[in-house]
Amino acid sequence: LPRVRKETGTLRGRKMRELEELASRVRAYCEKVRQERGDVAMGCVRLEASSDFVGIVYDKPGGSSAQFETSYDPERGFSLLSPDGEIQFEPDLEQVFARFTAIIDAIPEQRRQAIDQMLAQWREQGLSGPRLRAMALSFNTHYDGTRGGELSPEELRYITQVARES
C-alpha cells in the first residue's frame, strides 16, 4: 500500500510539473505577443491555470469569446480538442505548446473576421457612407463589455477605412 501511494504522488507531481511548465511558457508567449501587438488586441487573452488544466480565453470585438484548454494525464499525455472537435491525446509538451501558439497567433485574423461580420451586420441594418463610418468610429464609446471586446487603434483604422470605401 505505501508503494501505491508513492506512485500516485509521483504521478500527481509529474502532472503538476507538466501543467506548470506549459502555463509558464504560454504566459511568456502571451506577454511577448502582447508587447508586439499592443495591449487591447492581446489584452483580450487570459491565461487560466490550475492543478487540473491550462487554458486561454480570448475576446473578439463585440464581446464574443473563444477558449482553448488542455489537461494532463501522466499515462496518456495532454488531452485537447482536435480542429475537428474530437478529443485527442498528445504526449509531447512541444506539440501542445505549438497548438497554443498557433491559436494565439491566429487571434488577429479571428478578430478581423469578427470586425468584418460587424460591418456586414451594420450594412444589413441600412448603414452606409458617413453613418457607417460614424458607427465604426464610435464603437469603443458605446461598447459596454470586456476590454478585449474593444477595437485596438489598428482595428479602428481598418474598420473606418472599410467603412469609408463602402
Side-chain angles (χ1 to χ4, degrees), residues 18-50 53-72 78-88 90 92-166:
E18 292 287 329
L19 288 172
E20 286 172 5
E21 180 178 347
L22 179 62
S24 175
R25 291 180 67 190
V26 170
R27 184 178 295 110
Y29 189 77
C30 284
E31 185 55 37
K32 173 184 160 276
V33 173
R34 184 176 289 115
Q35 290 175 3
E36 292 171 357
R37 294 187 195 155
D39 190 44
V40 173
M42 289 310 295
C44 69
V45 178
R46 296 177 302 284
L47 176 70
E48 297 184 1
S50 74
F53 74 96
V54 172
I56 55 172
V57 177
Y58 53 97
D59 300 317
K60 298 176 187 177
S64 66
S65 63
Q67 66 184 33
F68 180 73
E69 67 182 44
T70 184
S71 59
Y72 182 76
F78 292 93
S79 66
L80 30 96
L81 288 179
S82 72
D84 300 327
E86 300 293 322
I87 294 177
Q88 66 184 43
E90 175 56 60
D92 184 9
L93 176 70
E94 292 303 317
Q95 293 298 316
V96 176
F97 179 67
R99 284 283 302 278
F100 271 94
T101 59
I103 288 167
I104 292 165
D105 290 344
I107 289 172
E109 179 58 29
Q110 290 183 26
R111 289 178 62 87
R112 178 70 54 98
Q113 289 171 357
I115 290 168
D116 290 340
Q117 288 174 350
M118 284 188 324
L119 283 166
Q121 288 172 350
W122 292 341
R123 285 186 191 112
E124 287 174 10
Q125 295 169 3
L127 297 176
S128 63
R131 290 178 53 209
L132 183 60
R133 282 193 302 278
M135 180 67 115
L137 286 169
S138 67
F139 178 80
N140 284 352
T141 306
H142 295 111
Y143 177 70
D144 187 27
T146 62
R147 184 154 190 260
E150 295 177 353
L151 298 174
S152 70
E154 179 182 311
E155 291 167 336
L156 275 171
R157 281 190 294 278
Y158 169 76
I159 198 169
T160 54
Q161 178 182 348
V162 171
R164 185 178 310 121
E165 295 169 358
S166 296

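Here the structure is a predicted model, which means the values were calculated and not measured.
- Sequence neighbours left out, not one pair with a member in residues 124-133 passes side-chain hydrogen bond (donor to acceptor under 3.5 Å, both in side chains).
- T160 approaches A136 most closely through the heavy-atom pair CG2-CB, 4.2 Å.
- For the salt bridge (Lys or Arg N to Asp or Glu O under 4.0 Å) test, no residue two or more places apart in sequence or in another chain qualifies with E69.
- Under the side chain to side chain donor-acceptor pair (under 3.5 Å) criterion, S79 pairs with S71, sequence neighbours left out.
- For Q110, the side chain to side chain donor-acceptor pair (under 3.5 Å) partners two or more places apart in sequence, or in a different chain, are Y58.
- Every ring pair (Phe, Tyr, Trp, His ring centres under 6.0 Å) that F68 has, sequence neighbours left out, goes to F100.
- With sequence neighbours excluded, the residues that form a side chain to side chain contact (heavy atoms under 4.5 Å, CB included) with E20 are M16.
- Annotation for Q113: atom CD counts as buried by contact number, over 12 foreign heavy atoms lying within 6.0 Å.
- Side-chain contact between F53 and L19 is absent, with no heavy atoms from C-beta onward closer than 4.5 Å.
- In this structure, the side chain to side chain donor-acceptor pair (under 3.5 Å) partners of Q161, at least two apart in sequence or on a different chain, are E165.
- Applying the ring pair (Phe, Tyr, Trp, His ring centres under 6.0 Å) definition to pairs two or more places apart or across chains, none involves residues 103-132.
- Residues forming a salt bridge (Lys or Arg N to Asp or Glu O under 4.0 Å) with D105 (at least two apart in sequence, or on another chain): R37.
- Residues satisfying the side chain to side chain contact (heavy atoms under 4.5 Å, CB included) criterion with Q95, sequence neighbours excluded, are E90, D92.
- Remark: R27 engages no residue in a side chain to side chain donor-acceptor pair (under 3.5 Å) (not counting sequence neighbours).
- Here the straight-line distance linking atom CD1 of I56 with atom CD1 of I104 works out to 4.5 Å at 0.5 Å rounding.
- When atom types are taken as modelled, the side chain of R123 and the backbone of L132 share no donor-acceptor pair closer than 3.5 angstrom.
- Here L93 pairs with E18, E21, L22, R25, F78 under the side chain to side chain contact (heavy atoms under 4.5 Å, CB included) rule; sequence neighbours left out.
- Minimum interatomic distance between R99 and L81 (heavy atoms only, all atoms of both residues): NH2-O, 2.6 Å.
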